[in-house]
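Notes to accompany the following structure.
Values below: all heavy atoms of this structure, side chains included; hydrogens, waters and symmetry mates excluded. By convention in this document, chain letters (A, B, ...) are assigned in the order of the sequence lines, proteins followed by strands, and residues within each chain are numbered from 1.
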Protein chains: 2
Amino acid sequence: MTITQAEENYLKAIFKISEKSDKPALTNAISAVMQTTAASVTDMLKRLAEKDLISYEKYKGVQLTEEGNRLATALIRKHRLWEVFLTEKLGFAWDEVHELAEQLEHVQGNDLVGRLDAFLGHPKFDPHGDPIPDADGRWAYRKQSPLATLQAGDHGVVTGVEDHSSAFLQYLDQLGLGLGAGIELIERFPYDQSVRIRTSDNREMVLSEKVSQNLYIKTG
Amino acid sequence: MTITQAEENYLKAIFKISEKSDKPALTNAISAVMQTTAASVTDMLKRLAEKDLISYEKYKGVQLTEEGNRLATALIRKHRLWEVFLTEKLGFAWDEVHELAEQLEHVQGNDLVGRLDAFLGHPKFDPHGDPIPDADGRWAYRKQSPLATLQAGDHGVVTGVEDHSSAFLQYLDQLGLGLGAGIELIERFPYDQSVRIRTSDNREMVLSEKVSQNLYIKTG
DNA sequence: AAATATTTTTAGGTTTGTCTAAAAATATTT
DNA sequence: AAATATTTTTAGACAAACCTAAAAATATTT
């Protein structure tokens, strides 16, 4: 059974929606992620159900089957490994790699993924701090919390982002708050929930609530 | 104007046919390379002519326009750079890389090719000894001749292959005649044009006329 | 519960890239 | 040059992946 690139992209979209909630992924949610119409989604859901990659009940949304989940996980693994390659080996910035990885993840054959993984030294996280599942689909877990949930006096290290947009990533670069940056929360202003932090290189800055919600910190 | 992957593959096929002869590439020749029917080729030729990538006269075959040639050259550049990556960095054998590079060559965006090229150290030849055009489409030239044209007593180094099939490449591996292998032609047997050679590590062997026609040597 | 709004599906159409079968053009043989 | 063979094109279909517009189902208001 062959799986097309379009089908792979839908599987990934369904996976991402399902991560956030246990409820079935709805047509409209999928169409939003895929940037298509609801009608196109319904079309594709029928195909995916036919291939037993999702379980689909009309008007009730969909869930990945075991096989669908396996495929989606493999895709995310490929995507994130290529992102590591693009940043670590080719020198791309973390806000430039998504589009390219989106294409590279569909390349298949032989033991490409395994060899790439080995070449990169079996990385556990991608350039945005997202975990890379291993060959058996197991995810590395790392305790991290949004900066927004820390208390004054807490110390930690930037380990990930919620928002993956170029705008946000470039802003973080500008602030010197890439992955691995050390920070301490000095105070939170009740008025707008903005926070004052100190970086490990002793700079102080104020971050909006929006930034603090999209920035993950490993404390301790 | 967008160019699809299928269109790109046809351009490459036409380029390869045009390399061998100055005459226009014929429908049947293209269908043979592309493994499709003549009808499908005619269909595609119309599309490519519409986009000014080829000049097409009914029943007379096609030729690449300047733009078509530029695109085909860029594709071959990408293909061969990825082949270098796959062998040099990921450790694939020279007979395993074609299919993968066939997919990777269609990935586009940003300065991927340029960065890949730099990462690989601006290689001039791919793992099969084929030249890699530079960013401006210029080809490295290297004087080489089929082993079949050498004279007894001639010395040289294996620099390329005419036949790119797995079967041939693996046979060469088995004989220890990869790129860079040094050889001397001892004698040619008039009966079947087979040749006896000595390798630089002092092994003697007899190669069929077929092998000698498909193996390129740089003499001197 | 009826009316209204929203979501999802169906129906029918388009483009890309393929196919087979038949027709037209070109090339080769006698 | 006529007959035959080969090559190429046209005509008509098909699947994948999308679309719009209308219908059906579900959810929310009143």
Inset, instruction - Return the set of residues passing side-chain hydrogen bond (donor to acceptor under 3.5 Å, both in side chains) with Ser18(A) (not counting sequence neighbours), or none when no residue passes. - result: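 None.
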Legend entry - Set of side-chain hydrogen bond (donor to acceptor under 3.5 Å, both in side chains) partners for Thr65(B), sequence neighbours left out: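 Here no residue qualifies.
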Inset, instruction - Using a 4.0 Å heavy-atom cut-off, write out nucleotides 9-20 of chain D from 5' to 3' as B (base contacted by protein), S (sugar-phosphate only) or - (no contact). - result: BB-----SBBBB
Legend entry - Secondary-structure stems for DNA chain D, with pairs counted as Watson-Crick or G-U when both distances are under 3.5 Å and runs at least 3 long: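 Ordered by first number, the stems with DNA chain D (at least 3 consecutive pairs each) read C:1-30 with D:1-30.
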Inset, instruction - Kindly state each residue pair satisfying side chain to side chain donor-acceptor pair (under 3.5 Å) with at least one member in residues 48-60 of chain A, sequence neighbours excluded. - result: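 Passing the test, one end in residues 48-60 of chain A: Glu7(A)-Lys51(A).
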Inset, instruction - Scan residues 81-92 of chain B for pairs that pass side chain to side chain donor-acceptor pair (under 3.5 Å), counting only residues two or more places apart or in two chains. - result: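 For residues 81-92 of chain B, and leaving out neighbouring residues, the side chain to side chain donor-acceptor pair (under 3.5 Å) pairs sorted by first residue read His79(B)-Glu83(B), Glu83(B)-His128(B).
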Inset, instruction - Mind checking the NZ-CG spacing from Lys210(B) to Leu215(B)? Nearest 0.5 Å is all I need. - result: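 One finds 13.5 Å between NZ of Lys210(B) and CG of Leu215(B).
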Legend entry - Asn28(B) CG to dA27(C) P, straight-line distance once rounded to whole Å: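 Answer to the nearest Å: 13 Å.
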Legend entry - Between dT16(C) (P) and Asn9(B) (CG): distance, integer Å: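 After rounding, the reported distance stands at 16 Å.
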Legend entry - Inter- and intrachain pairs under salt bridge (charged side-chain N to carboxylate O under 4.0 Å, His left out), touching residues 18-39 of chain B, at least two apart: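 For residues 18-39 of chain B: none.
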Legend entry - Where at least one partner belongs to residues 107-128 of chain A, residue pairs that pass salt bridge (charged side-chain N to carboxylate O under 4.0 Å, His left out), sequence neighbours excluded: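 Residue pairs passing salt bridge (charged side-chain N to carboxylate O under 4.0 Å, His left out), neighbours aside: Arg77(A)-Asp117(A), Arg80(A)-Asp126(A).
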Legend entry - Qualifying residues under salt bridge (charged side-chain N to carboxylate O under 4.0 Å, His left out), relative to Glu8(A), sequence neighbours excluded: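 Per chain and number, Glu8(A) pairs via salt bridge (charged side-chain N to carboxylate O under 4.0 Å, His left out) with no residue.
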